[in-house]
Amino acid sequence: MLWSDPENEPPDELRETQEMLRRLGVLMALAMVLAMIIIGTR
């Protein structure tokens, strides 16, 4: 590894995208659970 190599930190855009995908995944999981409950009660 050279001293001129960039840092290992991801750029801000990538970090924001990862956060958005994580939130989307949580929302999708909650929606699936809710759908299963609704289907199960019918």
Side-chain angles (χ1 to χ4, degrees):
M1 183 138 160
L2 301 172
W3 61 271
S4 60
D5 285 347
E7 291 291 326
N8 250 351
E9 294 184 11
D12 287 340
E13 293 175 2
L14 184 61
R15 221 174 288 148
E16 287 174 12
T17 304
Q18 286 174 341
E19 280 293 316
M20 194 175 66
L21 285 173
R22 197 172 295 132
R23 284 194 205 112
L24 190 63
V26 170
L27 282 175
M28 287 293 288
L30 288 174
M32 287 294 288
V33 170
L34 195 61
M36 290 291 183
I37 291 170
I38 291 171
I39 290 168
T41 55
R42 287 189 177 181

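The model shown is predicted, which means the values in this text are computed figures rather than measured ones. One-based numbering along the sequence shown.
- A distance of 7.0 Å separates CD in E13 from OG1 in T17, rounded to the nearest 0.5 Å.
- Note: E19 CD to L21 CG = 10.0 Å, rounded to the nearest 0.5 Å.
- L34 is not listed as a side-chain neighbour of L30, based on a closest heavy-atom distance of 4.5 Å or more.
- Taking CE of M28 as the start and CE of M32 as the end, the distance is 7.0 Å to the nearest 0.5 Å.
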